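First up is the structure itself, then whatever we jot down about it.
Because only heavy atoms are used, hydrogens play no part in the values below, and waters and symmetry mates are left out as well, while side chains stay in. None of these values were measured; they are calculated from a predicted model.
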There are 2 protein chains.
Amino acid sequence: MSDLRSVFAALSDETRFDIVERLMKDGELPAGDLVSDSTISGPAISRHLKVLREAGLVEQRAEGTRRLYAVRPQALKTISDWTIDHRAFWEVSLNRMAAALEAEEDICPTSD
Amino acid sequence: MSDLRSVFAALSDETRFDIVERLMKDGELPAGDLVSDSTISGPAISRHLKVLREAGLVEQRAEGTRRLYAVRPQALKTISDWTIDHRAFWEVSLNRMAAALEAEEDICPTSD
DNA sequence: CCCTTATTTAACAAATATGTTAAATAAGGT
DNA sequence: ACCTTATTTAACATATTTGTTAAATAAGGG
């Protein structure tokens, strides 16, 4: 799977999305902390972390018996770059829509 | 599923990702054109289009017997906004990594 | 060396996703 | 009304995903 698509696949799952947001907020955390936060089992979290690792969304570092996980900023940049690559399409479209809305207001103004 | 996560889920599939890129490149297209471009069956494409619609990634417009599909720019903006919301995390991290790399170069310079 | 803690792997069941073909629906032309 | 074209829905098989519990692995302490 392409880098970008596997990143999207990884983030489409709620558990994994929450893990990524948590790691961005709190920084590097041991797997155990992510398990305690979650309602699902350790093995399930462990497999989610593997999916995130394989998608390049997180990296793992050993410290004694613990495994510390952190978000790889490059993965976020990959997504950002994709939106930027297509900005010409969507930003222009949104502006045009806003303008059309304004023009409509002139014809049939609302309370605000 | 949250808006953002269902957008990610929709884009994690290659067929759907390709459809979205095609529609951004060429603009509004009838379902039939998307079928002819693809190696998979009409019904399969039709179901992919439904997933994209339900995720808010595309919108459908009827014109006679044809159904014209187009990417909804808001969906792209939703993704862009998410990366921007977290830019403080990933951009700073990347800069720090670049700086660390530079510092290392000073200690053990390479051929370039 | 054994015990505890931290984490992953294995084995399996249930749910979800994706493709296929055949049938249904809808619009338009003759 | 009937036929053609465009698209979707239905029914079904298969593959993938995701959760569970039990067992395996790895590091460190006594």
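With hydrogens and angles ignored, the 3.5 Å screen pairs no side-chain donor or acceptor of A:S38 with any backbone N or O of A:L34. Side chain of B:R16 to backbone of B:L11: no donor-acceptor contact under 3.5 angstrom is found. The backbone N or O of A:T83 sits less than 3.5 Å from a side-chain atom of A:W90, completing a donor-acceptor pair. Counting only distance, with no hydrogens or angles, the side chain of B:S12 and the backbone of B:A9 share a donor-acceptor pair below 3.5 Å. Between the side chain of B:T78 and the main chain of B:Q74, a donor-acceptor pair closer than 3.5 Å is present. With B:R72 contributing its side chain and B:G56 its backbone, the two residues share a donor-acceptor pair below 3.5 Å.
Counting 5' to 3', DNA chain C first comes under 4.0 angstrom of a heavy atom of chain B and last does so at the ends given by C:dT18 to C:dG28.
Residue pairs meeting the ring pair (Phe, Tyr, Trp, His ring centres under 6.0 Å) criterion with at least one member in residues 10-62 of chain A, sequence neighbours excluded: A:F17-B:W82.
Of the residues B:L52, B:L29, B:L49, the one that meets the side chain to side chain contact (heavy atoms under 4.5 Å, CB included) test with B:Y69 is B:L49.
Each of B:G32 and A:G42 has a nearest nucleotide on DNA chain D; the 5'-most of these lies closest to B:G32.
Remark: A:R87 CZ to A:F89 CZ distance equals 14.5 Å, nearest 0.5 Å. Between atom CD of residue B:E14 and atom CD1 of residue B:I19 there is a gap of 11.0 Å, rounded to the nearest 0.5 Å.
The side chain to side chain contact (heavy atoms under 4.5 Å, CB included) check on B:E28 picks up B:R61, B:L68, B:A70, with sequence neighbours excluded.
A heavy atom lying under 4.0 Å from DNA chain C marks the following residues of residues 64-71 of chain B, by number: B:G64, B:T65. Listed by residue number, B:A44, B:R47, B:H48 are the residues of residues 44-61 of chain B with a heavy-atom contact under 4.0 Å to DNA chain C. Contacts between residues 7-17 of chain A and DNA chain D, counted as heavy-atom distances below 4.0 Å, involve A:D13, A:T15, A:R16.
A donor and an acceptor atom, one from each side chain of B:E21 and A:H86, are located under 3.5 Å apart.
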